[in-house]
**Student:** 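The structure that follows is given in the form of structure tokens.
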Amino acid sequence: MLYINLILGLLFLIILGRYFYSLYSEGFYRPESWASAVKAGKVSRELYREFRRYRDKIRFFAWWLQVERIRKDKAEGCFAELGVYKGESARILHLMDPQRTFHLFDTFEGFSKTDLSGETGEAAGYTEKNFADTSLEKVREYLGESRRLVFHPGLFPGTASGLANERYVLVNIDADLYQPTRAGLEYFYPRLVPGGVIFVHDYNHKWEGCRRAVDEFLRGIPEAPVLLPDQDGTLIIRKNKQHEPDKSR
Ligand SMILES: C[S@@+](CC[C@H](N)C(=O)[O-])C[C@H]1O[C@@H](n2cnc3c(N)ncnc32)[C@H](O)[C@@H]1O
């Protein structure tokens with residue numbers, strides 16, 4: 001009995017310690033502008049909760065800083081995500097700007113056999129079972145009711161065929177494989193407004209197909225991408241704005 005009490009006490013202390021450390025270390029990871037926004041009551045309770053919970057703070061704040069800039073610039077265009085899975089990243093992006101139309105592309109039943117063929121590196125071990133433990137209904141429920149959320153279940157890029165005239169300002173590509181990543185860049189980049197951003201997740205040596213798709217695509221565009229030091233390597237492509245010389249100088 002004494003041992004059980006000791007173990008339980010120790011567990012309690014560990015949990016308490018972790019909680020206080022997370023409160024203390026919060027300040028290590030957040031930009032000043034976030035702290036000010038929280039203080040001014042401009043961050044919703046739900047988004048704040050996601051910030052506390054989400055393990056990749058650098059990725060979180062890379063999104064948030066771009067969303068804030070987009071809002072400040074009054075830039076038009078929709079948000080989109082290719083690769084939603086259970087909706088974790090989509091929920092965060094939606095909470096960052098709930099009024100923005102947000103297009104969500106996923107099979108909601110994992111990868112397709114055709115996309116998997118020819119993959120090398122880490123993704124060569126993937127099968128149709130990976131990321132299949134989700135469903136459109138579950139993601140809808142998780143993200144909550146909003147007419148701003150537009151679901152496109154099925155295989156991309158086929159699911160974007162009716163959206164030739166859409167314009168995007170922020171796109172999160174997180175599809176892991178060569179074919180959807182390449183197709184995503186080809187579809188979204190020409191429809192990205194000037195100053196708009198594309199985030200490509202998993203740009204690292206383990207995800208060879210994803211990295212190859214990005215490298216091939218970058219050869220054909222003028223923008224120089226920026227790699228983030230987040231957990232899995234996110235590459236940001238920000239579309240160039242038209243250069244307007246400052247005539248006051
Ligand atoms: C890594 S998960 C996305 C994780 C999610 N962004 C997050 O952070 O919570 C990759 C997703 O891409 C989707 N996917 C990959 N290729 C696709 C394609 N061609 N069409 C639709 N969805 C695809 C898979 O179904 C899977 O759910």
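We use all heavy atoms of the structure for the numbers below, so side chains are in, but hydrogens, waters and symmetry mates are not. Just follow the structure's listing: the first ligand is 1, and inside any ligand the first atom is 1.
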**Student:** For ligand 1, would you mind listing the residues that have at least one heavy atom less than 4.0 Å away, ordered by chain and number?
**Tutor:**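 These residues qualify: R59, E81, G83, V84, Y85, E88, S89, D106, T107, G110, F111, D115, F131, G154, L155, F156, D174, A175, D176, P180.
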**Student:** With a distance cut-off below 6.0 Å to the six-membered ring centre and an angular limit of 45° from the axis, does K57 pair with F51 as a cation-pi contact?
**Tutor:**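 Pair K57/F51 counts as cation-pi.
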**Student:** Under 6.0 Å between ring centres: does that hold for W34 and F60?
**Tutor:**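 Ring centroids of W34 and F60 are less than 6.0 Å from each other.
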**Student:** Which of these passes ring pair (Phe, Tyr, Trp, His ring centres under 6.0 Å) with Y168: F105, F199, Y189, F188?
**Tutor:**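 Only one option passes, and that is F188.
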**Student:** For the aromatic rings, using the six-membered ring if either is Trp, is the centroid distance between W207 and Y126 under 6.0 Å?
**Tutor:** yes
**Student:** Can you check whether L149 reaches H103 side chain to side chain, under 4.5 Å on heavy atoms?
**Tutor:**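 No; the side chains remain at least 4.5 Å from each other.
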**Student:** Can you find a pair of side-chain heavy atoms, one from E32 and one from R30, that are under 4.5 Å apart?
**Tutor:** yes
